[in-house]
Student: 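Input: one structure, supplied below.
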Number of protein chains: 2
Amino acid sequence: MQRQTSQRTAIETVFRATKRPLAPQEILDAARDEVPTLNLATVYRTLKRMVEDRFLHPVELPGEPARYELQEAADKHHHHFRCGTCDSVFDLKGCVNGLSKLLPAGFHMSGHDIVIYGDCRACNA
Amino acid sequence: MQRQTSQRTAIETVFRATKRPLAPQEILDAARDEVPTLNLATVYRTLKRMVEDRFLHPVELPGEPARYELQEAADKHHHHFRCGTCDSVFDLKGCVNGLSKLLPAGFHMSGHDIVIYGDCRACNA
DNA sequence: TACTTAATGCAAATGCATTTGCAAGTGCAT
DNA sequence: ATGCACTTGCAAATGCATTTGCATTAAGTA
């Protein structure tokens with residue numbers, strides 16, 4: 001049976017506090033504030049478990065390793081913004097129209113991903 | 001100085017004949033029709049060279065290794081379609097409006113990627 | 001045709017992200 | 001408070017995609 005450890009709690013807390021997709025190393029850095037001995041292997045083990053348990057959802061961006069966000073955030077259709085300065089990824093609300101117009105004849109669409117690149121608020125300031 | 005070898009010619013031919021982004025292994029498979037001894041290491045070396053020479057352009061999709069397409073194709077703004085059945089990637093013409101409406105206040109957009117998932121014409125048939 | 005040296009094939013080596021073995025640590029049911 | 005077995009930390013091991021060393025092959029020029 002699953003145990004509530006301080007490392008798991010710290011990781012959960014990080015996800016609930018930070019409302020954007022996080023990479024394993026980002027999670028480690030943030031969660032170490034609370035549990036300084038936390039290890040990257042434990043982060044990976046916990047992420048894997050949390051995805052299996054549908055608490056987290058993986059977020060893939062072109063050319064980089066997966067980040068993770070709360071499943072409840074993933075349940076609402078949305079897309080992502082990647083800051084080229086701080087490398088953070090943010091959720092974007094909403095979507096666009098007209099995607100199906102891009103499809104060639106005979107192609108069928110089952111889903112889509114949109115990533116916007118640029119600079120975030122903090123990095124613009 | 002650069003030499004025109006049969007393997008380089010075969011790889012060029014594959015790209016000009018196949019009008020979609022190709023993964024290294026796909027290139028190997030296709031180019032071996034012409035040069036059966038072609039090796040994956042040579043494909044990688046040649047790809048690297050062709051990107052440096054701006055003959056090819058890398059195409060990154062979420063969660064998978066880079067594919068490559070002709071630079072001249074990349075010069076026209078476009079997006080990609082990935083077939084979930086045959087795993088091929090296709091170019092899509094055109095784009096959509098309204099992307100900047102997705103941006104939170106203070107964020108600045110410098111570019112974007114769109115990937116549509118589904119089944120291609122051949123796999124639907 | 002002969003020579004110089006870039007390119008190739010093959011196998012071994014890298015570089016990363018991620019996973020795993022194992023001994024020690026620690027929830028939590030009793 | 002005790003004990004079982006799930007978790008953790010640490011280091012070593014994987015799994016891939018990609019790169020590299022080296023002996024050999026073969027462009028392209030003289």
Side-chain angles (χ1 to χ4, degrees), chain A residues 1-15 21-69 80 82 87-89 115, chain B residues 1-15 21-69 80 82 87-89 115:
Chain A
M1 174 220 29
Q2 187 156 146
R3 293 177 182 176
Q4 192 60 29
T5 65
S6 61
Q7 12 302 73
R8 167 176 291 262
T9 300
I11 292 173
E12 280 185 29
T13 301
V14 167
F15 274 105
L22 298 171
Q25 185 64 52
E26 289 182 288
I27 298 160
L28 179 65
D29 295 343
R32 271 187 169 164
D33 286 349
E34 201 164 325
V35 182
T37 65
L38 182 62
N39 189 278
L40 189 54
T42 299
V43 172
Y44 275 106
R45 273 189 283 238
T46 305
L47 287 174
K48 190 177 182 185
R49 195 64 167 284
M50 288 176 166
V51 169
E52 287 168 2
D53 298 344
R54 308 201 175 259
F55 174 71
L56 293 181
H57 185 83
V59 175
E60 302 272 11
L61 264 69
E64 32 195 331
R67 290 176 176 77
Y68 297 84
E69 67 183 1
H80 296 102
R82 185 180 187 292
D87 295 337
S88 295
V89 172
V115 182
Chain B
M1 171 221 29
Q2 186 156 144
R3 293 176 181 179
Q4 192 61 28
T5 65
S6 61
Q7 0 323 59
R8 166 175 293 263
T9 301
I11 291 172
E12 279 184 29
T13 301
V14 166
F15 273 106
L22 297 172
Q25 185 64 52
E26 288 182 288
I27 299 161
L28 179 66
D29 294 343
R32 271 187 169 165
D33 286 348
E34 202 163 325
V35 182
T37 65
L38 181 61
N39 189 278
L40 189 55
T42 300
V43 173
Y44 275 106
R45 273 189 283 238
T46 306
L47 287 174
K48 189 176 183 184
R49 195 62 165 286
M50 288 176 166
V51 169
E52 286 167 5
D53 299 344
R54 307 201 176 260
F55 173 70
L56 292 181
H57 186 82
V59 175
E60 301 272 11
L61 264 68
E64 32 197 333
R67 289 176 175 78
Y68 297 85
E69 67 182 2
H80 297 101
R82 185 179 188 293
D87 295 337
S88 295
V89 172
V115 182

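Only a predicted model underlies this, so the values are computations on that prediction, with no experimental measurement involved. Lettering of chains follows the sequences in order, A, B, ..., and the numbering in each one begins at 1. All values below were derived from every heavy atom in this structure, side-chain atoms included, with hydrogens, water molecules and symmetry-related copies excluded.
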Student: Considering just the side-chain nitrogens and oxygens of B:Asn39, establish if one lies under 4.0 Å of OP1 or OP2 belonging to C:dC10.
Tutor: yes

Student: What is the distance, to the nearest angstrom, from the CD atom on A:Glu52 to the C1' atom on C:dT18?
Tutor: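 After rounding, the reported distance stands at 14 Å.
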
Student: Ignoring backbone atoms, establish whether B:Arg49 has a side-chain N or O less than 4.0 Å from OP1 or OP2 of C:dA6.
Tutor: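 Indeed not, no polar side-chain atom of B:Arg49 lies that close.
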
Student: Please list, chain by chain and in numerical order, all residues satisfying side chain to side chain donor-acceptor pair (under 3.5 Å) with A:Ser6, sequence neighbours excluded.
Tutor: none

Student: At under 4.0 Å between heavy atoms, which parts of nucleotides 19-29 of chain D does protein reach? Answer with one letter per nucleotide, 5' to 3': B base, S sugar-phosphate only, - none.
Tutor: BBB----BBS-

Student: Would you list the pairs meeting salt bridge (charged side-chain N to carboxylate O under 4.0 Å, His left out) in which at least one residue belongs to residues 45-65 of chain A, sequence neighbours left out?
Tutor: A:Glu64-A:Arg67, A:Glu64-A:Arg82

Student: Hey, mind stepping through B:Asn39 and B:Thr37 against side-chain contact (heavy atoms from CB on, under 4.5 Å) and telling me if it holds?
Tutor: CA-CA 6 Å; B:Asn39 189 278; B:Thr37 65; over 6 Å; no

Student: B:Leu38 and B:Leu28: which non-hydrogen atoms are nearest, and at how many Å?
Tutor: O-CD1, 3.4 Å

Student: How close or far is atom P of D:dA17 from atom CZ of B:Arg67, stated in whole angstroms?
Tutor: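 These atoms are roughly 12 Å apart.
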
Student: What parts of residues 23-31 of chain B reach DNA chain D, counting only heavy atoms under 4.0 Å away?
Tutor: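 Hits under 4.0 Å, by residue number: B:Pro24.
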
Student: Pairs in or reaching into residues 23-39 of chain A: which pass salt bridge (charged side-chain N to carboxylate O under 4.0 Å, His left out), with residues at least two apart or in two chains?
Tutor: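 Listed by first then second residue: A:Arg20-A:Glu26.
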
Student: Once salt bridge (charged side-chain N to carboxylate O under 4.0 Å, His left out) is applied, what residue pairs with a partner in residues 3-12 of chain B remain, sequence neighbours excluded?
Tutor: B:Glu12-B:Arg16

Student: Which pair of heavy atoms, one from A:Pro24 and one from A:Ala66, lies closest together, and at what distance?
Tutor: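 It is CD-O, 3.6 Å.
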
Student: Round to a whole Å and report the spacing from CZ of B:Arg32 to C1' of C:dT8.
Tutor: 13 Å

Student: Any chance you could measure A:Leu61, atom CG, to B:Leu61, atom CG, to the nearest 0.5 Å?
Tutor: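 Interatomic distance, A:Leu61 CG to B:Leu61 CG, rounded to 0.5 Å: 11.0 Å.
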
Student: Measure CG/A:Leu38 against C1'/D:dC10 and give the value in whole Å, please.
Tutor: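 From A:Leu38 CG to D:dC10 C1': 13 Å.
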
